[in-house]
2 protein chains.
Amino acid sequence: MKRLLRQIDSEISALGGKRSRSRASIIEVFFRSGRHLTVDELTSEVRARNRDIGAATVYRTLKLLSRLGYAKELDFGEGARRYESSLTAHHDHLVCTGCGNVSEFEEPRIERLQDEVAKKHGFVPTMHRLAIYGTCPRCLSPQPRETAE
Amino acid sequence: MKRLLRQIDSEISALGGKRSRSRASIIEVFFRSGRHLTVDELTSEVRARNRDIGAATVYRTLKLLSRLGYAKELDFGEGARRYESSLTAHHDHLVCTGCGNVSEFEEPRIERLQDEVAKKHGFVPTMHRLAIYGTCPRCLSPQPRETAE
DNA sequence: TATGATATTGAATGTCAATGTCATGATATA
DNA sequence: TATATCATGACATTGACATTCAATATCATA
Ligand SMILES: [Mn+2]
Ligand SMILES: [Mn+2]
Ligand SMILES: [Zn+2]
Ligand SMILES: [Zn+2]
């Protein structure tokens with residue numbers, strides 16, 4: 001984590017950038033969360049630690065991480081995009097339309113078939129997006145609700 | 001085509017709607033095109049025939065077709081969504097990042113593997129989105145340019 | 001440490017696709 | 001044709017995201 005932060009900082013300064021407290025805070029919270037966050041969600045979590053960090057800076061920092069290859073932009077068609085760490089291996093997503101939770105899977109056979117399909121169409125693939133939408137296990141067997149009474 | 005228009009009209013009036021000249025025009029141009037159109041693109045094509053059809057009506061008509069199951073909303077992350085006829089069988093898409101062209105493919109083995117993945121995760125799938133991005137054959141072997149001189 | 005060049009900040013504003021509002025026009029039914 | 005109600009097109013509004021800008025933070029150099 002500290003190591004990651006230092007590495008990112010050095011890449012930034014190699015590109016003529018300077019380090020900043022706000023950005024460090026945003027980056028740390030982002031990687032610590034390990035989730036698939038919207039900018040709004042991340043902004044809230046960051047502000048819980050440092051009240052006066054602006055949303056624009058969160059947007060800028062995620063764009064920066066994405067340019068440097070440390071984050072990936074995701075779009076599940078929710079109206080706001082999400083970001084995830086790109087430090088993990090490639091994977092695709094299961095999106096629960098009930099609770100909004102996003103989980104991950106790897107399926108090499110699907111990856112292979114995609115290449116095959118592309119080749120068959122004379123197409124040179126550079127990336128793909130695959131998301132499966134549905135209901136997650138937790139939403140399928142609803143817990144006995146904690147009633148407030 | 002005429003048949004399709006009549007069927008849609010009857011569904012609309014069954015739901016308490018009325019027929020309209022603008023809407024008929026939009027629907028006809030949409031299904032005739034057979035492509036994956038943004039609202040802007042469709043609006044242009046419609047306006048070439050009928051100068052004074054408003055963009056709002058095109059938005060409304062596509063939403064309506066989508067509610068009735070005659071059109072599908074697509075989102076390739078371009079900033080504007082596209083619509084396609086849903087009269088064809090289910091398929092996924094190849095999107096050329098060079099020329100923007102969208103082509104289609106069916107791959108039952110991928111469909112099957114998706115169900116398998118979902119099941120493995122205790123997930124009940126309702127839909128999926130798969131798009132492969134890359135360079136299409138036409139963009140790979142660029143034609144000798146027609147120079148103007 | 002003090003200086004100055006320059007990158008970064010947060011707030012405000014701009015942009016753009018999509019949706020909402022509303023007065024007017026079109027359509028169905030008797 | 002009268003009446004009710006739906007649909008239209010112009011325009012305003014929304015919401016995510018990008019950009020602008022004056023103030024501030026960072027950093028190499030003296
Ligand atoms: Mn993920
Ligand atoms: Mn298609
Ligand atoms: Zn769920
Ligand atoms: Zn192409």
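By convention in this document, chain letters (A, B, ...) are assigned in the order of the sequence lines, proteins followed by strands, and residues within each chain are numbered from 1.
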- Message: How close do B:L113 and A:R109 get, counting heavy atoms only, and between which atoms?
- Response: CD2-CZ, 3.4 Å

- Query: Are side-chain N/O atoms of B:E106 and B:H91 paired as donor and acceptor at under 3.5 Å?
  - Reply: no

- Message: When you group the ILVMFWY residues by side-chain heavy-atom contacts below 4.5 Å and let the links chain together, are B:L5 and B:I53 in the same group?
- Response: yes

- Just how far, in rounded Å, is P of C:dT9 from OH of A:Y59? 16 Å

- Note on the structure: Closest non-hydrogen contact found for B:S22 with B:T57 is CB-CG2, 4.3 Å

- Query: Among residues 2-14 of chain B, which contact DNA chain D at a heavy-atom distance under 4.0 Å?
  - Reply: none

- Item | A:E45 side-chain N/O to A:L42 backbone N/O, donor-acceptor pair under 3.5 Å | no

- DNA chain D-proximal residues of residues 34-53 of chain B, any heavy atom under 4.0 Å: B:D52, B:I53

- Query: Could A:R49 and A:E28 be called an ion pair, given the rule that one side-chain N must be under 4.0 Å from one carboxylate O?
  - Reply: yes

- Message: To check you understand the geometry: which heavy-atom pair defines the closest contact between A:L62 and A:Y83, and what is its length?
- Response: CD1-CD1, 3.5 Å

- Task: Of all the heavy-atom pairs spanning B:P125 and A:I132, show the shortest one and how long it is.
- Result: CB-CG2, 3.8 Å

- Message: Go through it in stages, so that I can follow the logic: the residues are A:H93 and B:H128, the test is ring pair (Phe, Tyr, Trp, His ring centres under 6.0 Å), and I'd like the CA-CA distance, side-chain angles, deciding distance and then a yes or no.
- Response: CA-CA 10 Å; A:H93 294 97; B:H128 65 261; over 10 Å; no

- Under 3.5 Å, is there a donor-acceptor pair between the side chain of A:R81 and the main chain of A:L37? no

- Item | For A:Y133, ring-ring contact (aromatic ring centres under 6.0 Å, His included) partners two or more places apart | none

- Pull out every residue in residues 60-82 of chain A that has a heavy atom closer than 4.0 Å to any atom of DNA chain C, ordered by number, or say none. A:R60

- Query: Is the number of heavy atoms from other residues, nucleotides or ligands under 6.0 Å of A:R19 CZ greater than 12?
  - Reply: no

- For A:S85 and A:F30, which heavy atoms make the closest approach, and how far apart are they? N-CZ, 3.5 Å

Nucleotide N/O to protein N/O under 3.5 Å, stretch nucleotides 1-4 of chain C:
none

- Task: Output yes when A:R82 and A:E73 qualify as a salt bridge under the 4.0 Å nitrogen-oxygen rule, no when they do not.
- Result: no

- What string of B, S and - do you get for nucleotides 22-30 of chain D, 5' to 3', when a contact is any protein heavy atom under 4.0 Å? ----BS---

- Task: Taking all non-hydrogen atoms of both residues into account, name the closest pair between A:R51 and A:A48 and its distance.
- Result: NH2-CA, 3.9 Å

